[in-house]
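In what follows, a structure is listed as structure tokens, so that the remarks can point back to it.
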Amino acid sequence: MRRFVSVAGVAALAALGLGVAPAEAAPDHPDAEVAGVAAAFGLSTDQARAQLAAQDRAHRLAASLPEAVRAHAAGQWFDAATGRLTVAVTTAEAAGQARAVGAAAQVIGRSKADLDRTDAAVRALVGAGVPGVYGWGVDVRGNDVGVDVDRTKKTAATESFLSRVRDLGVRITETATSPRQQSGTIQTGNPWWPGSESNCSVGFPVTDASGAKHFLTAGHCTNDRDQAAYGASGQQNRIGTSNVGGTHSVNAREGDMGVVAVTEPGWTLSASVNTWGQPAVTLTGAAEAMVGDRVCHSGNTSHWQCGEVKYTHKSVDYGGGLVIDDLTWTTACSLGGDSSGGWLLGDKATGLHDGGPSQCVDNPSDGDMSLFQPVIEALSKWQLTLVTGSGPAPGGRTLTNDTDYAIRDYQQVFSPITSTLTGSAAATIGVSLTIRHTCAEDLGITLLDPKGKAYALKYSGGSTCTPWSGARTFSVPATATPAAGTWQLRVTDYGPGDTGTLDTWSVTL
């Protein structure tokens, strides 16, 4: 199941230690990131540092936007030219509220619901694929849905498709190129070899609930179940096994992500990112990138490259029936063999390299962009914990239950998480949850600790029903509460005639 992070979701990630929290002081940016951004955008190092500091401020502001602004938001992005967060909203009142807290605002004609409906209609028309059509998704800066076409691969079927989507009001971009999936100590950016195949790159080191060692990588590098993984070519220096049991790899509409189990003795997991001659970056957590962000990636072929996020949650068609939804598209250079390598937002993991151009070009069109799989989805899917080191913003101990639970009239639902962590829980416990429900006002939400103590997160109330369709975050004070044991989220429906689902929830201890 795909995970979407909306304007509200940024705040949720921040509270989990996965993004830049509203109250957090701006971190010092790694020298490798500063140098990479300066090289990518023709800036001095001082200009790059100033731009990254402005980007941090934009993320903190995004995490603290008033609910009244979020309710009317159709997208947000970091504008490097002005150094500010820009929010697209549907009403002048919401624009005024956004400006009052320091954001730039644009009043637009298409709501998020409008864009989502058009995007869904395009996806339905694409189906299993249309010749030459390689990308489609929402462009928040343009407040429209775009479709990308490689004109060198168009057929009569392509023209028929384009005629139908034009009626939906989409923007069509034609290029002469299109992206492709690239092939080719456990440290982000280092090479690894799936069996006897060509090398890929290490994504991010992780551990599971029992503490066993793994690393995240691309699904197209882990298609074969129980395949040996090596640290050198020629089936030399075995690391472990990829896609154990056939349940640890995805390369389809859901995403492009996989897991390699590190089982051989002598291998250690490092939170230090290989930056290929630049000072190493130490991972401190994970974060969701937004449009306009400056991001960098480490890969075995192109090494350390930086660029700008152009689109998020945009689909790609690589041909041969391989369609992947909800990838992040960037201007950074990448080459074959970079597959699986880690993408960073500052010193936080943000993505796993998926695909890109056959060669790097200046001022890339959509057909020459590099794409990555958001890493938070992979961490959540397999209940994995990122290996982090010391830094300004440690990731925290976050546990997740990703099972869907139906919410029914006048009933309670309990979703458990069993923790094997040691010691006490944090003095302030963070909770993030994603719910789809037709009436948020009918819901009461409570966290129950292993001793049965209840922490009220949300009370039912309000005379007008508004839908709940995304992530929200809460924090509660705790005193000498043990981290180990079963934590439960209790969702109570107090009203009639509404339906919903508890999609996922996480607790940071």
Side-chain angles (χ1 to χ4, degrees), residues 5 7 10 13-14 19-20 22 24-65 69 73-89 95 98-99 101-106 108 137-144 146 278 281 287-297 304-314 327-334 343-348 350-351 360-366 368-372 374:
V5 178
V7 175
V10 175
L13 294 174
V20 182
E24 183 183 354
D28 291 331
H29 282 265
D31 290 342
E33 180 195 19
V34 173
V37 168
F41 296 98
L43 305 174
S44 68
T45 54
D46 287 344
Q47 289 172 325
R49 287 188 188 279
Q51 194 173 92
L52 291 168
Q55 180 174 294
D56 291 338
R57 291 192 294 272
H59 273 262
R60 291 195 295 273
L61 181 56
S64 61
L65 286 173
V69 175
Q76 62 180 11
W77 60 92
F78 169 61
D79 186 339
T82 63
R84 300 175 68 190
L85 174 74
T86 300
V87 185
V89 291
R99 294 176 184 126
V101 297
Q106 291 184 7
I108 41 81
V138 173
D139 179 354
V140 294
R141 285 188 282 206
N143 190 230
D144 59 12
Q278 296 285 344
V281 176
E288 179 93 356
M290 69 177 170
V291 170
D293 277 343
R294 274 56 182 138
V295 291
C296 302
H297 76 99
W304 181 248
Q305 300 287 338
C306 301
E308 177 182 345
V309 173
K310 285 292 188 180
Y311 312 104
T312 59
H313 303 301
K314 180 170 178 173
L327 297 178
T328 300
W329 294 47
T330 81
T331 63
C333 164
S334 67
W343 285 78
L344 284 83
L345 180 65
D347 55 14
K348 292 180 171 61
T350 195
C360 295
V361 298
D362 294 330
N363 301 314
S365 68
D366 287 3
D368 299 309
M369 289 191 181
S370 297
L371 288 59
F372 68 77

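Since the structure is predicted, the reported quantities are computational estimates derived from the model, not experimental observations.
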Mind checking side-chain contact (heavy atoms from CB on, under 4.5 Å) for [X] and listing every partner two or more places apart, or none if nothing turns up?
X: Val140; answer: Trp77, Val138, Val291
X: Thr328; answer: Val309, Thr312, Thr330, Phe372, Pro374
X: Asp144; answer: Arg110, Asp139, Arg171

Give me the atom names and distance for the closest heavy-atom approach of [X] to [Y].
X: Ala289; Y: Leu345; value: CA-CD2, 4.3 Å
X: Thr350; Y: Ala287; value: OG1-O, 2.9 Å
X: Pro30; Y: Asp347; value: CG-CB, 4.1 Å
X: Val37; Y: Cys296; value: CG2-SG, 4.3 Å
X: Ser370; Y: Ala332; value: OG-O, 2.6 Å
X: Gly83; Y: Ala54; value: O-CB, 3.6 Å

Can you tell me how far apart [atom1] ([X]) and [atom2] ([Y]) are? Round to the nearest 0.5 Å.
X: Met290; Y: Gln76; atom1: CE; atom2: CD; result: 5.5 Å
X: Ser44; Y: Gln51; atom1: OG; atom2: CD; result: 10.0 Å
X: Phe78; Y: Asp293; atom1: CZ; atom2: CG; result: 7.5 Å

Qualifying salt bridge (charged side-chain N to carboxylate O under 4.0 Å, His left out) pairs, either residue in [range], two or more places apart:
range: residues 76-87; result: none
range: residues 34-54; result: Asp31-Arg49
range: residues 304-314; result: Arg141-Glu308, Asp148-Lys314, Arg294-Glu308, Lys314-Asp366

Exercise. Quick one: does His297's side chain have a donor or acceptor within less than 3.5 Å of a partner on Cys333's backbone?
Worked result: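 Between the backbone of Cys333 and the side chain of His297 there is a qualifying donor-acceptor contact (under 3.5 Å).
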
For [X], enumerate each residue passing the side chain to side chain donor-acceptor pair (under 3.5 Å) test, keeping only those at least two apart in sequence or located in another chain.
X: Asp368; value: Thr177, Ser365
X: Gln106; value: none
X: Glu33; value: His29

Problem set entry | Non-hydrogen side-chain atoms of Leu65 and Leu85 separated by less than 4.5 Å |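 Answer yes - side chains close enough.
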
